Amino acid sequence: MGFGGPHAGYMAVRKGLERQLPGRLVGVSQDADGNPGYRLALQTREQHIRREKATSNICTAQVLLAVMASMYAVYHGPVGLRRIAQQVHGRADLVASQLRDLGLTVVHDAFFDTVRVTGLDAEAAFARLREAGYTPHLVNGETLQVSVDETTTAHNAVEIAYFLSGAEEHSIGLLDGHTAPVLPATLERTSDFLTHPTFHSYHSETAMMRYLKRLADLDYALDRGMIPLGSCTMKLNAATEMAAVTWPEFANLHPFAPEGDAEGYLSMIGDLETWLADITGYDTVSLQPNAGSQGELAGLLAIRGYHRSRGDVHRDVCLIPASAHGTNAASAVLAGMRVVVVACDAAGNVDVADLRAKIEANSAELAALMITYPSTHGVYEHEIVAITDAVHDAGGQVYIDGANLNALVGYGRFGDVGGDVSHLNLHKTFCIPHGGGGPGVGPVAAKAHLAEFLPGAGGRDPLANPVSAAPYGSASILPITWAYVRMMGSEGLREATAAAVLSANYVAARLREAFPVLYTGDGGLVAHECILDIRPLKAATGITVDDVAKRLVDYGFHSPTMSFPVAGTLMVEPTESEDLGEIDRFVEAMLAIRAEADAVAAGEWPAGDNPLANAPHTARSVIEGEWSHPYSREVAVYPVPGLIRHKYWPAVRRIDQAWGDRNLACACPPPEAFA
Ligand SMILES: *Cc1c(COP(=O)(O)O)cnc(C)c1O
């Protein structure tokens with residue numbers, strides 16, 4: 001429960017609507033050898049490709065929670081799930097039959113896990129149950145309901161009935177006559193479900209543990225090496241920061257627990273709001289949004305609310321630079337705005353002349369500028385103050401996308417450069433792990449004039465302007481950020497920013513001769529990430545950005561961000577968490593890959609058959625059959641000696657992207673289907 005979140009929601013549609021579904025779909029495709037491999041499917045409907053025409057603004061989702069839920073199904077299988085459901089219903093039925101025996105009125109004849117009772121002093125019953133440690137739901141003065149689950153024992157069921165009724169005698173004897181309940185036949189499911197072999201294979205703890213370990217071994221995670229994904233900030237998630245998530249005091253609190261039960265949470269939330277306001281230079285913070293994208297929506301809705309409150313109902317144009325993250329445009333459309341794109345100049349900055357022209361052309365309808373600082377091109381915009389002034393002069397509000405705060409914490413504040421509202425990504429800058437896609441927290445922070453339009457209306461009303469069903473969103477992962485900020489202190493946070501920016505500049509400086517750095521600011525410097533341009537390499541050698549990204553897997557690295565925000569480039573963000581040894585290992589891998597590309601250009605290896613074009617190499621691909629390639633097996637899988645003892649073996653070869661989109665299937669057929 002975690003005081004309301006994080007939690008996963010699912011949506012299912014009939015065939016034919018999948019291309020319109022919001023959120024991320026995992027689908028099966030084939031690799032270069034025809035073996036199955038999973039990938040994110042139907043990417044062409046997503047915000048990073050379709051921008052304002054995307055089917056949703058979702059980027060970070062709730063993947064970890066979806067994995068937990070699916071593993072519950074794997075462990076129990078269809079038989080186990082049915083048994084659990086029957087047990088839960090049996091307990092609810094026991095509560096109901098006890099209550100009827102005690103002379104109370106149970107409202108429904110058919111129910112699953114929730115029993116509603118009426119015709120009693122519900123407030124007194126509520127107090128008795130709370131006193132005994134149960135959490136009922138008070139419907140009104142004379143109606144109350146209680147829910148049970150698979151942890152509710154028969155003893156609990158009797159106790160619930162006893163405290164609920166206020167009976168004098170606590171009679172366990174009532175249990176004797178209770179028989180297994182029968183659900184109405186019309187509600188019984190008769191068709192099969194969870195038929196895939198995975199749901200029938202791992203029902204012992206040992207088998208389950210090994211299954212999970214096997215899946216984890218397929219992954220390239222931060223516990224193996226660097227994940228240099230730009231615009232993602234994959235930093236260390238220290239065990240000390242994470243420990244509190246498991247404490248029952250945080251994990252088991254109901255989302256609408258009375259204030260008295262949530263003192264710890266509320267004091268932690270108060271601390272975080274204060275700290276984040278201080279870090280960003282804003283007056284108010286709402287922790288309710290569950291991801292950056294949701295923070296964007298909340299912030300833009302606040303801007304709309306502000307304009308409307310002043311009678312400016314016609315202000316609905318949102319200016320967004322071409323360099324922006326795809327979520328920005330998708331969020332603006334969700335908030336009911338029209339997107340007007342502003343050009344960028346050759347250095348990657350917002351083209352101020354074009355901005356002024358677009359402001360001029362739309363001044364009567366200008367709602368907002370949505371700008372990322374430092375930009376998604378990885379540079380600080382030196383004109384930021386002139387830009388925000390120009391928007392304000394035309395009556396617009398300034399939204400600064402704060403997902404790149406790792407380049408700024410302790411050195412600069414959005415509130416001081418003209419921002420009215422921003423979201424932050426606690427799952428990037430503030431240590432909540434987000435590998436695989438969430439959960440996250442995307443707090444929205446604003447100047448005082450927007451406070452009443454934010455979720456929680458500046459803290460006074462947790463249910464005002466909601467963007468999430470729980471007042472504090474994904475509350476139970478906030479201890480991670482709290483611990484990070486508390487342990488780092490202001491000096492530590494400043495040092496982290498400095499180290500992150502230094503590391504990105506080190507990578508840029510060491511690699512720029514082999515791979516030009518696309519955008520730089522003063523003195524050739526970048527912010528916390530750098531974009532390596534692979535297009536010149538392609539022109540000179542035929543080697544593509546895909547080849548470089550996949551070859552990095554053979555060298556034991558996760559790929560940097562590919563073709564975003566500029567096609568044909570790699571965006572590298574080392575963060576402060578990587579030490580010089582690991583950064584050097586990455587730089588040297590990139591330089592070795594450059595040398596391999598040069599060898600292809602020099603004709604040493606043919607264009608269609610070389611270690612880059614064939615990357616990544618699985619163990620099976622170098623063992624099976626005759627080796628017919630013009631390079632050795634050693635070059636394929638051990639291109640540098642350090643890999644011999646520390647090899648990450650990829651599970652699949654290069655995936656056929658288009659095949660997976662054309663043949664959308666969410667689960668692999670059983671292994672026999674693939675020889
Ligand atoms: C990650 C990111 C977002 C989106 O945040 P989510 O939490 O993934 O929704 C928005 N803008 C920028 C610049 C980002 O890097």
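Start at 1 and go down the list; that is how both ligands and their atoms are numbered. Remember, it's a predicted structure, so these values are computed and weren't measured experimentally.
- Of the inter-residue distances, the one linking Ile320 atom CD1 with Met337 atom CE reads 9.0 Å to the nearest 0.5 angstrom.
- Those atoms of ligand 1 with a heavy atom of Ala291 less than 4.0 angstrom away are 7 (O), 9 (O).
- Neither the backbone nor the side chain of Gln294 has a heavy atom within less than 4.0 Å of ligand 1.
- Contacts between Asp401 and ligand 1 below 4.0 angstrom, taking non-hydrogen atoms only, involve the side chain exclusively.
- Side-chain rings of Tyr265 and Phe250 approach one another, their centers coming within less than 6.0 Å.
- Those atoms of ligand 1 with a heavy atom of Glu296 less than 4.0 angstrom away are 10 (C), 11 (N).
- For the residue pair Ser468 and Asn290, a side-chain donor N or O sits within less than 3.5 Å of a side-chain acceptor on the partner.
- Atom OG of Ser331 and atom NE2 of His423 lie 8.0 Å apart (nearest 0.5 Å).
- The line from CE of Met571 to CD of Glu529 is 4.5 Å long, rounded to the nearest 0.5 Å.
- Remark: among candidates Met370, Glu573, Lys428, His434, the nearest residue to atom 14 (C) of ligand 1 is Lys428, based on non-hydrogen atoms.
- Residue-to-ligand polar distances keep Ala403 apart from ligand 1: every N/O pair is separated by 3.5 Å or more.
- For the ligand labelled ligand 1, residue His427 lies inside the 4.0 Å heavy-atom shell.
- The part of Asn425 lying near ligand 1 is the side chain, judged by heavy-atom distances below 4.0 Å.
- Here is the list of ligand 1 atoms found below 4.0 Å of a heavy atom in Thr60: 6 (P), 7 (O), 8 (O), 9 (O).
- Note: no N/O pair closer than 3.5 Å links Asn328 and ligand 1 by distance alone.
- Inter-residue side-chain proximity for Cys431 and Lys235 is flagged as met; some heavy-atom pair is nearer than 4.5 Å.
- Side-chain atoms of Glu582 come within 3.5 Å of backbone N or O of Met226 as a donor-acceptor pair.
- Of the polar atoms of Ser231, at least one N or O is found under 3.5 Å from an N or O of ligand 1, judged by distance alone.
- In this structure, Arg315 forms no cation-pi arrangement with Tyr306, as its terminal cationic atom is not both closer than 6.0 Å to the ring centre and no more than 45° off the ring axis.
- If you check which protein heavy atom lies closest to atom 9 (O) of ligand 1, you get Ser293 N, 2.8 Å.
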